[in-house]
Asker: 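Could you have a look at this structure, given as structure tokens, before my questions?
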Amino acid sequence: MTIRLGLLGGTFDPIHRGHLDVAVAARDALALDRVLLMPAHVPPHRTQAPRASGYHRFAMVARAIAGHDRLEACDLELRVDGPSYTSVTLARLGARGFGPTQLFFITGADAFAEIATWHDYPALLDASHFIVISRPGHDHEHVRERLPALADRFVEVAPGRNNRIVAELVRPAVFLVEATTSAVSSTEVRKRIEGGAPLDELVPAGVLDHINRHRLYAPMTTPADVLHDED
Ligand code: ATP
Ligand code: MG
């Protein structure tokens with residue numbers, strides 16, 4: 001039996017409960033052996049640089065996954081300068097011996113709806129399976145409408161199915177998983193911190209501790225905060 005490796009890319013600025021829900025839903029629906037949470041160095045689709053450095057974003061991912069089986073923090077994209085293109089990351093994994101049907105690139109439905117704008121589309125769809133997890137306000141119907149050319153690749157998978165058989169297709173597919181994930185975004189988390197609003201349960205306790213300890217995302221209030229400025 002060959003390994004099935006899940007990859008969840010993102011800015012993770014900061015990581016929140018929704019990201020963990022996505023990783024767990026993908027892991028359980030497709031019986032993934034490992035899921036790597038991979039902060040992007042410079043996300044290609046953003047005009048603004050991430051607020052927290054790659055070091056802090058990686059540290060928060062590492063704290064968030066504590067206690068979650070088969071989730072790992074991965075620095076593959078952070079170790080390469082410049083934009084983190086998924087197609088380049090998949091090619092690097094291919095060069096390390098992973099076949100396209102061993103790789104499962106995971107996105108939320110909002111991100112996958114934009115896949116036609118990604119570098120190396122549509123070729124990158126042949127480099128890996130994709131797992132698309134529904135997100136509050138972003139359903140799979142919208143994904144299907146936006147991407148009619150991909151109709152023959154879509155495979156619906158029930159959440160929590162632990163589906164090994166479907167995952168052993170010979171051609172890369174796009175798996176659609178209808179899961180319940182927390183209605184939260186990193187943008188909302190940052191706004192709450194800036195506005196002094198409580199975070200409630202939006203981020204795991206370890207992430208909250210990391211944010212508070214290092215005063216991430218807060219308005220600058222003391223001279224020591226220049227420590228977090230870009231050079
Ligand atoms: P931002 O508000 O900065 O865009 P975000 O919450 O969307 O942050 P990203 O780092 O952009 O987080 O997301 C990484 C991946 O996780 C994307 O594929 C995104 O669709 C997915 N994702 C994030 N939050 C959720 C969620 N609550 N439900 C489903 N998918 C999510
Ligand atoms: Mg986003």
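Worth saying up front: this structure is predicted, and the values here are computed from it rather than measured. These values consider heavy atoms only, across backbone and side chains, with no hydrogens, waters or symmetry-generated copies. Both counts, for ligands and for their atoms, begin at 1 and track the order of listing.
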Asker: Please list, in number order, the atoms of ligand 1 under 4.0 Å from a heavy atom of G18.
Answerer: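 Ligand 1 atoms under the 4.0 Å threshold to G18: 27 (N).
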Asker: Any chance you could measure D33, atom CG, to F104, atom CZ, to the nearest 0.5 Å?
Answerer: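 Rounded to the nearest 0.5 Å, the CG-CZ separation comes out at 9.0 Å.
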Asker: R190 heavy atoms, cut-off 4.0 Å: which ligand 1 atoms fall inside?
Answerer: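 Result: 3 (O).
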Asker: Look at atom 15 (C) of ligand 1 and say which protein heavy atom is nearest, naming residue and atom and giving the distance to 0.1 Å.
Answerer: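 Looking at atom 15 (C) of ligand 1, the protein heavy atom closest to it is G9 O, 3.6 Å.
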Asker: Tell me the protein heavy atom at minimum distance from atom 21 (C) of ligand 1, and give that distance in Å.
Answerer: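 Answer for atom 21 (C) of ligand 1: G108 N, 3.8 Å.
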Asker: Just to be sure I'm reading this right: ignoring hydrogens, which of H138, M38, R135 gets closest to atom 5 (P) of ligand 1? Compare them by their nearest heavy atoms.
Answerer: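 Among H138, M38, R135, the closest heavy atom to atom 5 (P) of ligand 1 belongs to R135.
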Asker: Go through ligand 1 atom by atom and flag the ones less than 4.0 Å from a non-hydrogen atom of T181.
Answerer: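 Once the distances to T181 are compared, the set is 26 (C), 27 (N), 28 (N), 29 (C).
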Asker: Can you list the atoms of ligand 1 that are under 4.0 Å from a heavy atom of G10?
Answerer: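 By the 4.0 Å cutoff, the relevant atoms are 10 (O), 14 (C).
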Asker: Considering only the protein, which heavy-atom contact is closest to atom 27 (N) of ligand 1, and what is its distance?
Answerer: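 Here the nearest protein heavy atom works out to S182 O, 2.8 Å.
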Asker: Tell me the contacting part of F112 for ligand 1: side chain, backbone, both, or neither, using a 4.0 Å heavy-atom threshold, strictly below.
Answerer: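 F112 to ligand 1: no contact under 4.0 Å from either part.
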Asker: Which residue and non-hydrogen atom of the protein lie closest to atom 2 (O) of ligand 1, and at what distance in Å?
Answerer: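 Atom 2 (O) of ligand 1 sits closest to the protein heavy atom T187 OG1, 2.4 Å.
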Asker: Contact between V184 and ligand 1, counting heavy atoms under 4.0 Å?
Answerer: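 V184 counts as a contact of ligand 1 under the 4.0 Å cut-off.
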Asker: Rounded to the nearest 0.5 Å, what separates atom OG1 in T86 from atom CD1 in I115?
Answerer: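 Spacing of OG1 (T86) from CD1 (I115) equals 7.0 Å.
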Asker: Checking R34 side chain against E72 main chain: does a donor-acceptor pair fall under 3.5 Å?
Answerer: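 A pair under 3.5 Å: no.
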Asker: Look at the aromatic rings of H214 and H210 and report parallel, tilted or perpendicular, splitting at 30° and 60°.
Answerer: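 Because their plane-to-plane angle lies in the 30° to 60° range, the rings of H214 and H210 count as tilted.
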Asker: Hey, does R17 sit under 4.0 Å from ligand 1 if you only count heavy atoms?
Answerer: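 It does not, in that no heavy atom of R17 comes within the 4.0 Å cut-off of ligand 1.
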Asker: Quick one: look at H16 and ligand 1, take heavy-atom pairs under 4.0 Å, and tell me if it's side chain, backbone, both or neither.
Answerer: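 For H16, the contact with ligand 1 is made by the side chain alone.
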Asker: Output the distance between atom NE2 (H140) and atom CG (L147), rounded to the nearest 0.5 Å.
Answerer: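 Here the rounded value is 11.5 Å.
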Asker: Identify the closest protein heavy atom to atom 11 (O) of ligand 1: which residue and atom is it, and at what distance?
Answerer: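 Protein heavy atom with the smallest distance to atom 11 (O) of ligand 1: R46 NH2, 2.9 Å.
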Asker: Under 4.0 Å from any heavy atom of V22, which atoms of ligand 1 are there?
Answerer: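 Contacts of ligand 1 toward V22, numbered from 1: 28 (N), 29 (C), 30 (N), 31 (C).
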Asker: Just to confirm my output: which protein heavy-atom neighbour is closest to atom 13 (O) of ligand 1, and how far is it?
Answerer: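 Answer for atom 13 (O) of ligand 1: H19 NE2, 3.4 Å.
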Asker: At a 4.0 Å threshold, what atoms of ligand 1 neighbour a non-hydrogen atom of S185?
Answerer: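 Near S185, meaning under 4.0 Å from one of its heavy atoms, ligand 1 has 2 (O), 6 (O).
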Asker: Report the nearest protein non-hydrogen atom to atom 10 (O) of ligand 1: residue, atom name, distance rounded to 0.1 Å.
Answerer: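 Going atom by atom, the protein heavy atom closest to atom 10 (O) of ligand 1 ends up being T11 N, 2.9 Å.
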Asker: Which atoms from ligand 1 have a heavy atom of T107 less than 4.0 Å away?
Answerer: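 Taking each heavy atom of T107 in turn, ligand 1 has 18 (O) under 4.0 Å.
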Asker: Taking atom CZ of F112 and atom CG of L176, what is their separation to the nearest 0.5 Å?
Answerer: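 Rounded to the nearest 0.5 Å, the CZ-CG separation comes out at 8.0 Å.
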Asker: Are H19 and V22 side-chain neighbours, meaning at least one heavy-atom pair lies under 4.5 Å?
Answerer: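 Of all side-chain heavy-atom pairs linking V22 with H19, none is under 4.5 Å.
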Asker: Establish whether L78 and V35 are linked, either directly or via other cluster members, by ILVMFWY side-chain heavy-atom contacts under 4.5 Å.
Answerer: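 Different clusters: L78 never reaches V35 through Ile, Leu, Val, Met, Phe, Trp or Tyr contacts under 4.5 Å.
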Asker: Just let me know how S134 lines up against ligand 1, side chain, backbone, both or neither, with a heavy-atom cut-off below 4.0 Å.
Answerer: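 Looking at S134 and ligand 1, just backbone atoms fall under 4.0 Å.
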Asker: Could you give the distance from CG (L71) to CG (L32), rounded to the nearest 0.5 Å?
Answerer: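 The CG atom of L71 sits 10.0 Å away from the CG atom of L32.
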Asker: Rounded to the nearest 0.5 Å, what's the gap from OG1 on T181 to CG on L20? Could you check?
Answerer: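 Reported value, rounded in 0.5 Å steps: 11.5 Å.
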Asker: Check step by step if side-chain contact (heavy atoms from CB on, under 4.5 Å) holds for I131 and V157.
Answerer: CA-CA 9 Å; I131 303 177; V157 177; over 6 Å; no
Asker: Within the 4.0 Å heavy-atom shell around D110, which atoms of ligand 1 are there?
Answerer: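 Answer, ordered by atom number: 19 (C), 20 (O).
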Asker: Heavy-atom contact check, 4.0 Å cutoff: does A109 meet ligand 1?
Answerer: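 In this structure, A109 fails to qualify as a contact of ligand 1 - no heavy atom is under 4.0 Å.
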Asker: Any idea how F105 and F130 line up, ring-wise: parallel (<30°), tilted (30 to 60°), or perpendicular (>60°)?
Answerer: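 If you compare the ring of F105 with that of F130, the planes turn out tilted.
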Asker: Strictly distance-based, threshold 3.5 Å: is any side-chain N or O of R92 a donor or acceptor partner for the main-chain N or O of E77?
Answerer: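 Checking the backbone N and O of E77 against the side chain of R92, no donor-acceptor pair under 3.5 Å is found.
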